[in-house]
Number of protein chains: 2
Amino acid sequence: MRLVVTRCTVDYSGRLEAHLPEAVRLLMVKADGCVAVHADGGAYKPLNWMNAPNVLVDDPDRWVVTNSKGERLEITLLEVLSDTTYDLGDDPGLTKDGVEAHLQQLLAEHPDALADGLQLVRREYPTDIGPVDLLCRDGEGSYIAVEVKRRGEIDGVEQLRRYMDRLDRDPLLRPVRGIFAAQRVKPQARVLAADRGIRWIEVDYDLLRGRQSDELRLF
Amino acid sequence: MRLVVTRCTVDYSGRLEAHLPEAVRLLMVKADGCVAVHADGGAYKPLNWMNAPNVLVDDPDRWVVTNSKGERLEITLLEVLSDTTYDLGDDPGLTKDGVEAHLQQLLAEHPDALADGLQLVRREYPTDIGPVDLLCRDGEGSYIAVEVKRRGEIDGVEQLRRYMDRLDRDPLLRPVRGIFAAQRVKPQARVLAADRGIRWIEVDYDLLRGRQSDELRLF
DNA sequence: GACTCTATCTCGGTA
DNA sequence: TACCGAGGTAGAGTC
């Protein structure tokens with residue numbers, strides 16, 4: 001990784017046009033070739049950047065980064081305050097826990113957390129507009145489509161409604177009802193769900209996970 | 001801006017749980033207080049981060065960053081290879097051109113690029129669920145709601161449909177039709193628009209801009 | 001503060 | 001490669 005602190009101006013042309021007037025900034029060049037221009041604020045996002053793969057021509061007073069999509073980043077270096085390179089080596093990478101896939105898995109294992117007597121038919125049940133997160137049946141054998149989100153917002157309700165429309169055209173499944181499950185369901189999403197005749201449920205992730213470990217404890 | 005190159009492990013706990021095993025990485029602390037952990041790849045995005053405002057306790061061998069939402073970033077420094085601080089000063093900031101606002105402005109000036117005889121009633125026409133990008137009338141005086149996107153995807157079509165629902169309840173406007181305009185309309189969005197009785201149009205940004213400069217040339 | 005929508009979104013998966 | 005969906009989305013604007 002190469003780090004250059006420099007007084008510079010920057011022009012980007014590609015998906016939009018952008019210009020940065022003269023100031024001192026940090027240029028970061030990573031081993032994969034991506035270039036980022038950082039100011040001393042604005043969170044972690046750089047002011048300008050160019051992802052790999054690209055071609056960097058780094059003359060002492062001007063860097064030009066181009067890629068095959070016709071994007072172009074031009075940095076004019078007026079004064080270089082520091083220019084250092086480090087060998088960081090490969091990164092073993094990140095492990096995550098608590099995202100939507102995990103929530104879906106937990107609910108697939110405990111569909112009764114959504115409604116009494118609910119049983120899983122299958123995860124990722126396919127339709128011609130994409131897979132439904134969970135397809136279940138209730139105690140009376142009626143089909144219920146479940147959409148799982150970490151954050152329940154309007155888009156998710158619309159998505160579920162589109163799936164229900166599709167499934168409901170299948171005489172073997174009809175009538176299909178829906179449950180919208182999320183850790184938190186936003187007020188607007190609640191209203192829209194009610195309007196569409198869809199039940200919504202806020203799921204307690206820690207409780208679900210706890211329930212799982214309770215079961216594990218039995219063995 | 002403080003830049004620390006260090007062999008470290010990282011743990012984040014908050015909106016999810018994440019762990020980074022031991023490796024050499026760059027820690028970036030900006031003047032606004034945000035902390036980012038960068039590896040030597042993966043584009044401009046850091047592996048882990050904590051935005052401002054937060055509290056950083058930076059002991060020599062362990063940094064703990066916490067915020068008021070209960071998020072916590074813990075960095076264990078096993079070996080510090082470099083620790084430098086630069087005064088970058090304020091950044092004058094970025095000027096952009098070519099984003100959605102610009103496209104909307106151009107279409108407001110040239111509604112006939114969307115359909116022959118179309119005339120603008122007003123931009124950002126208010127409804128009780130938010131403003132419609134453009135409200136127009138066609139040659140016969142019928143109202144047409146226009147949603148403008150840079151990238152036309154499913155969400156945008158649903159958004160337009162919600163606006164149309166609202167506008168259509170107004171007896172002074174009814175019946176209201178819709179046009180979905182974007183630089184590129186994705187296949188799924190095309191299908192959904194057709195399904196909802198909405199016309200979609202791909203707009204050539206450069207052409208529109210060119211048309212504008214043609215007009216300017218007349219003066 | 002909550003909610004809205006944009007973004008050079010980024011990133012990963014898949015066909 | 002393009003398309004599609006998720007994101008610790010971030011960030012700006014509005015109410």
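Bear in mind that the values here come from a model prediction, so they are computed numbers and not experimental data. Here is the naming used below: chain letters follow the sequence lines, and residue numbers restart at 1 for every chain.
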J.: Using atom CD of A/Glu158 as one end and atom P of D/dA6 as the other, report the distance to the nearest whole Å.
T.: 14 Å
J.: Give every residue pair that meets the salt bridge (Lys or Arg N to Asp or Glu O under 4.0 Å) criterion with at least one member in residues 15-29 of chain A, sequence neighbours excluded.
T.: A/Arg7-A/Glu22, A/Arg15-A/Glu71, A/Arg25-B/Asp91
J.: Going through the checks in order, is the salt bridge (charged side-chain N to carboxylate O under 4.0 Å, His left out) test met by A/Arg161 and A/Asp165?
T.: CA-CA 6 Å; A/Arg161 203 182 49 77; A/Asp165 278 354; 3.5 Å; yes
J.: Does A/Glu202 have any side chain to side chain donor-acceptor pair (under 3.5 Å) partners at least two apart in sequence or in another chain, and if so, which?
T.: A/Arg184, A/Arg190
J.: Can you list the residues that meet the side chain to side chain contact (heavy atoms under 4.5 Å, CB included) rule with B/Asp168, with sequence neighbours excluded?
T.: B/Arg174, B/Pro175, B/Val176
J.: Is there a side-chain contact between A/Asp170 and A/Tyr143 in this structure, where contact means two heavy atoms from C-beta onward sitting under 4.5 Å apart?
T.: no
J.: If I take atom CD in residue B/Glu153 and atom C1' in nucleotide D/dG7, what distance separates them, rounded to the nearest angstrom?
T.: 14 Å
J.: If you pin A/Ser68 and A/Lys149 to their nearest nucleotides in DNA chain D, which one's is more 5'?
T.: A/Ser68
J.: Could you list the residues that satisfy ring pair (Phe, Tyr, Trp, His ring centres under 6.0 Å) with A/Trp200, not counting sequence neighbours?
T.: none
J.: What is the separation between atom CD on A/Glu100 and atom P on C/dG13, rounded to the nearest whole Å?
T.: 14 Å
J.: Dot-bracket for DNA chain D, 5' to 3', counting Watson-Crick or G-U wobble pairs under 3.5 Å, with [ ] for crossing pairs and | for inter-strand pairs?
T.: |||||||.|||||||
J.: Hey, which of these two, A/Glu147 or A/Lys69, hits DNA chain D nearer its 5' end, going by closest nucleotide?
T.: A/Lys69
J.: With C1' as the reference atom in both, quote the distance from C/dT8 to D/dT14 in angstrom, rounded to an integer.
T.: 25 Å
J.: Identify the heavy atoms of A/Leu103 and A/Val203 that sit nearest to each other, and give their distance.
T.: CD1-CG1, 4.3 Å
J.: For A/Glu153, which residues count as a side chain to side chain contact (heavy atoms under 4.5 Å, CB included) partner, sequence neighbours excluded?
T.: A/Arg151, A/Lys186
J.: Figure out the CG/P separation between B/Leu160 and C/dT6, and round it to whole Å.
T.: 12 Å
J.: Please determine, for the side chain of A/Tyr44, which listed nucleotide (C/dC5, D/dA10, D/dA6) has the closest atom?
T.: D/dA10
J.: Report the nucleotide, chosen from C/dC5, C/dT6, D/dA10, that has the shortest atom-to-atom distance to any side-chain atom of A/Ala43.
T.: D/dA10
J.: Within residues 183-197 of chain B, which residues have any heavy atom lying less than 4.0 Å from an atom of DNA chain D?
T.: B/Arg184, B/Lys186, B/Pro187, B/Gln188
J.: With the side chain counted from C-beta on, respond yes when B/Arg196 and B/Met164 share a heavy-atom pair under 4.5 Å apart, and no when they do not.
T.: no
J.: Tell me: CD of A/Glu124 to P of D/dG5, nearest whole Å?
T.: 12 Å
J.: Atom CG of A/Asp133 to atom P of D/dG5: distance rounded to whole Å?
T.: 11 Å
J.: Output all residues satisfying salt bridge (charged side-chain N to carboxylate O under 4.0 Å, His left out) with A/Arg72, sequence neighbours left out; order by chain, then residue number.
T.: A/Glu74
J.: Can you tell me the distance, in whole Å, between the CZ atom of B/Arg151 and the P atom of D/dC3?
T.: 10 Å
J.: Side-chain donor-acceptor pairs under 3.5 Å in residues 26-36 of chain B, sequence neighbours left out?
T.:
residue : atom : partner : partner atom : Å
B/Lys30 : NZ   : A/His38 : ND1          : 3.1
B/Lys30 : NZ   : A/Ala39 : O            : 3.3
B/Lys30 : NZ   : A/Gly41 : O            : 3.3
B/Lys30 : NZ   : A/Ala43 : O            : 2.8
B/Asp32 : OD1  : B/Cys34 : N            : 3.1
B/Asp32 : OD2  : A/Gly42 : N            : 3.1
B/Asp32 : OD2  : A/Ala43 : N            : 3.2

J.: Within the structure provided, determine whether B/Leu120 and B/Cys136 are in side-chain contact (heavy-atom separation under 4.5 Å).
T.: yes
J.: Specify the residue among A/Ile154 and B/Val99 whose closest nucleotide of DNA chain C lies further upstream toward the 5′ end.
T.: A/Ile154
J.: Sticking with atom C1', work out how far C/dT14 lies from D/dG8, rounded to a whole angstrom.
T.: 25 Å
J.: Please walk me through it: do B/Asp195 and A/Arg162 pass salt bridge (charged side-chain N to carboxylate O under 4.0 Å, His left out)?
T.: CA-CA 11 Å; B/Asp195 203 54; A/Arg162 289 196 295 272; over 6 Å; no
J.: Can you name the residues that form a side chain to side chain contact (heavy atoms under 4.5 Å, CB included) with B/Asp58, not counting sequence neighbours?
T.: B/Arg2, B/Leu56, B/Trp63
J.: Between C/dT6 atom C1' and B/Asp97 atom CG, what is the distance in whole Å?
T.: 16 Å
J.: Using side-chain heavy atoms (C-beta onward) and a distance below 4.5 Å, is B/Arg199 in contact with B/Ile144?
T.: no
J.: For DNA chain D, find the residues of residues 1-21 of chain B with a heavy-atom distance under 4.0 Å and give them by number; none if there aren't any.
T.: B/Tyr12, B/Arg15, B/Leu16
J.: Which ones in residues 45-56 of chain B lie close to DNA chain D, meaning a heavy atom under 4.0 Å from one of its atoms?
T.: B/Asn48, B/Trp49, B/Met50, B/Asn51
